Protein chains: 2
Amino acid sequence: MNELPEDEQDGSGLFVRSVEKAMRVLECFRHARNPMTLGQLATQTGYTKSTVQRSVHTLLELGYLARHSDGRLQSGLKCLDLAFQFLQPNPLISAAYPILLKLRDATGERTNLSLFDGTTLIYAIRLQSTKDYIYVSSLIGRRMPTFCTAGGRAMLAQLPREQAQQIVMASSRRPLTPQTKTDPSEIMAAVDVARAQGFASVVGEPVIGEVTVAAAVVGARGDPLGAVHLSSNISHCDPDEFVGRYAPLAIEAAHMLSEMR
Amino acid sequence: MNELPEDEQDGSGLFVRSVEKAMRVLECFRHARNPMTLGQLATQTGYTKSTVQRSVHTLLELGYLARHSDGRLQSGLKCLDLAFQFLQPNPLISAAYPILLKLRDATGERTNLSLFDGTTLIYAIRLQSTKDYIYVSSLIGRRMPTFCTAGGRAMLAQLPREQAQQIVMASSRRPLTPQTKTDPSEIMAAVDVARAQGFASVVGEPVIGEVTVAAAVVGARGDPLGAVHLSSNISHCDPDEFVGRYAPLAIEAAHMLSEMR
DNA sequence: TAATATCATATCGAATGCCGATACGGTCGT
DNA sequence: ACGACCGTATCGGCATTCGATATGATATTA
């Protein structure tokens, strides 16, 4: 007779647990560099081997998982389909694409669009530099912390200060490089600077040797939707000059994509 | 032992139906240009409103669906995560990225990597032309028919002829442009040409006014994994010259990515 | 060679968690 | 006022999922 709110995180009685389990199993592959076995998935999720077996069987049949040549499991092609369905009808994406392309060619630098998602941001468009060919795994769907990225701080600056602070406090604030600011008040100070300037810039905080300027894209009520990023390597340019030259362009692009009227 | 054929479409008793239902609901958004309501999802999937309600509730909570401002439903950010997990550990993708970048800059043309998936192919890397800014919705995860695309035919040419023919026959062969070849024997003739040449080229079949050369990437046993595409618009170049000039480059790139030893 | 520890796969009784008909309160058009 | 949608909530019954367990294959030990 356990009619208490026994489960913490789900909510109403509409929640389908088998679906959650399957998705959790699918999500195991996020940080996995290699294919996985049933047993590994079981220990990682905490589910029984049977549960994992059933989830995996189903996801295999549906195409969201696939078998590596050695029989282990990896992400399936259908995962790409889901990304397409997200991007395709998204008005921000389709509006941003040509604008970012033009921006990339005007600057020659790496040009990205990220989307706001609380303590993390997620890259939705990534355009490569026309100069260097570093494969910084410039992949769609990569998440980065909000608190230490230029885009993240530009977006935080669009939130009510208290709300921004909540996000900063809720972040893990694990330093990604020796230069990552981890002190909440220091981070909030940077956010305040971003609010005053209308853009944010960071050097070396999320990635060593990288300089980034970013401006926030906002919705109809001024809420942050995403950010336009321009990045380069400090070995190729002077950071201050980079920021000074490109911040206005990032702001302009972000403004064109914003819905504030 | 139990050769029970009475089961309709799933397979063994390990198949979890609630998961299938949730994924089917999620897949409804593939061809939807607009956010959807519960009722629309119910009619489109054939499930009861209750089932859809539960699936949607769960997918919302997990982040794979999101609410549009008017309350209707759309794809959620988590869908992008799945694409990342597919791309990130994939050795073909990480190997292809720098090679395609170099190829794109050597040619200046749109450069893609597609992956083989039976009657369709799916784009995994899309690099824009350095010349024109058309937003041909150059998005990851887009599927195209195998039978009428250059990449598709290049891949079919790597299969045993009979198997290729099976795929052609299983394709819908709905013409995408007036120039799309729909006659199976005509298509197989083009595949034979591709096999002889080591690459495939099409003009205007999948997209009006587009010329594409493609070469297949093959696995250790010569099986097609994907294809390297180079595309341009016929208003910008002479198709024959385009094919003649770039086919060797596509072949070279595809060869570098292949596992045949 | 044998023992041990993985692995994937399959089975099956039990009860839980999903199923889906149904109901309720909105908000549109008309 | 009505009807036709919308999203949301409820609830008894029973199909479906659950998870312990068994099997055989493969790999790594000694």
Side-chain angles (χ1 to χ4, degrees), chain A residues 1-26 28-29 32 34-62 64-74 76, chain B residues 1-26 28-29 32 34-62 64-74 76:
Chain A
M1 271 337 257
N2 49 352
E3 85 302 336
L4 30 129
E6 83 288 281
D7 232 339
E8 319 82 19
Q9 61 271 52
D10 76 64
S12 82
L14 294 172
F15 194 75
V16 183
R17 262 153 248 252
S18 4
V19 173
E20 181 193 29
K21 288 180 197 148
M23 300 318 273
R24 297 284 179 233
V25 167
L26 193 49
C28 281
F29 294 84
N34 296 314
M36 302 190 77
T37 68
L38 275 188
Q40 290 172 322
L41 291 169
T43 53
Q44 188 162 334
T45 56
Y47 300 142
T48 67
K49 210 169 103 175
S50 298
T51 297
V52 174
Q53 182 186 14
R54 255 174 283 115
S55 296
V56 161
H57 175 85
T58 308
L59 292 170
L60 267 175
E61 203 139 312
L62 295 175
Y64 292 94
L65 285 181
R67 287 210 178 279
H68 190 74
S69 44
D70 63 2
R72 307 212 307 284
L73 297 156
Q74 60 188 13
Chain B
M1 262 287 143
N2 51 352
E3 77 284 21
L4 45 131
E6 90 286 88
D7 227 344
E8 318 84 20
Q9 59 268 52
D10 68 63
S12 80
L14 293 171
F15 194 75
V16 181
R17 262 151 251 249
S18 6
V19 173
E20 181 192 31
K21 289 181 196 144
M23 298 319 272
R24 298 283 178 233
V25 167
L26 193 49
C28 282
F29 294 85
N34 296 314
M36 302 190 77
T37 69
L38 275 189
Q40 291 173 320
L41 291 169
T43 54
Q44 187 163 334
T45 54
Y47 301 141
T48 67
K49 209 170 103 176
S50 297
T51 296
V52 174
Q53 181 187 13
R54 255 173 285 114
S55 296
V56 161
H57 175 85
T58 307
L59 292 170
L60 267 174
E61 203 139 311
L62 295 175
Y64 292 93
L65 286 180
R67 287 210 178 279
H68 190 75
S69 43
D70 63 2
R72 308 214 303 286
L73 297 156
Q74 60 188 14

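Values in this document were obtained by computation on a predicted structure and should not be read as measured data. Proteins come first, then strands; the chains are lettered A, B, ... in the order of their sequence lines, and each starts at number 1.
- Across all strands shown, A:Arg72 has no heavy atoms under 4.0 Å from either base or sugar-phosphate atoms.
- We find that NE2 of B:His57 is positioned 10 Å from P of D:dT8, with the value rounded to whole Å.
- Note on A:Gly71: nothing from the nucleic acid sits closer than 4.0 angstrom, heavy atoms only.
- The two residues B:Leu73 and B:Phe29 have their closest heavy-atom pair at O-CE2, 3.2 Å.
- Not a single donor-acceptor contact under 3.5 angstrom links the side-chain atoms of B:Arg54 to the base of C:dG17.
- Within the 4.5 Å cutoff, no side-chain heavy atoms of B:Lys49 are placed close to those of B:Val52.
- Contact of the B:Met36 side chain with the B:Gln44 side chain is registered, since non-hydrogen atoms from C-beta on lie closer than 4.5 Å.
- Taking atom CZ of A:Arg17 as the reference point, atom C1' of D:dT16 lies 15 Å away to the nearest angstrom.
- For the pair A:Leu38 CG and D:dG24 P, the interatomic distance rounds to 19 Å; values are reported in whole Å.
- Going from atom CG of A:Leu73 over to atom P of C:dA8 covers 7 Å, rounded to whole Å.
- A:Arg67 has a side-chain polar atom (N or O) that falls below the 4.0 Å cut-off from OP1 or OP2 of C:dT9.
- Using a 4.0 Å cut-off, some side-chain N or O of B:Lys21 falls inside it from OP1 or OP2 of C:dC19.
- Here the P atom of nucleotide C:dC18 and the OH atom of B:Tyr47 are 16 Å apart, to the nearest Å.
- When the side-chain nitrogen and oxygen atoms of B:Thr37 are compared with OP1 and OP2 of D:dC6, one or more of them lie within a distance under 4.0 Å.
- Toward the 5' end of DNA chain C, the nearer of the two residues A:Leu60 and A:Ser18, judged by each one's closest nucleotide, is A:Leu60.
- Taking the side chain as every heavy atom from C-beta outward, B:Arg72 and B:Asn34 approach each other to under 4.5 Å.
- Counting only heavy atoms from C-beta on, B:Lys49 has its side chain closest to D:dT8 among C:dG20, C:dA8, D:dT8.
- Side-chain atoms of A:Leu14 lie closest to D:dT10 of the nucleotides C:dG20, D:dT21, D:dT10.
- Atom CG in A:Leu65 sits about 13 Å away from atom P in C:dA8, given to the nearest Å.
- Rounding to whole angstrom units, CD of residue A:Gln53 and P of D:dG19 are separated by 13 Å.
- Summarising the geometry, the separation between NE2 on A:His68 and C1' on C:dC7 is reported as 15 Å, rounded to the nearest angstrom.
- For the pair B:Thr58 (side chain) and A:Val16 (backbone), a donor-acceptor distance under 3.5 Å is present.
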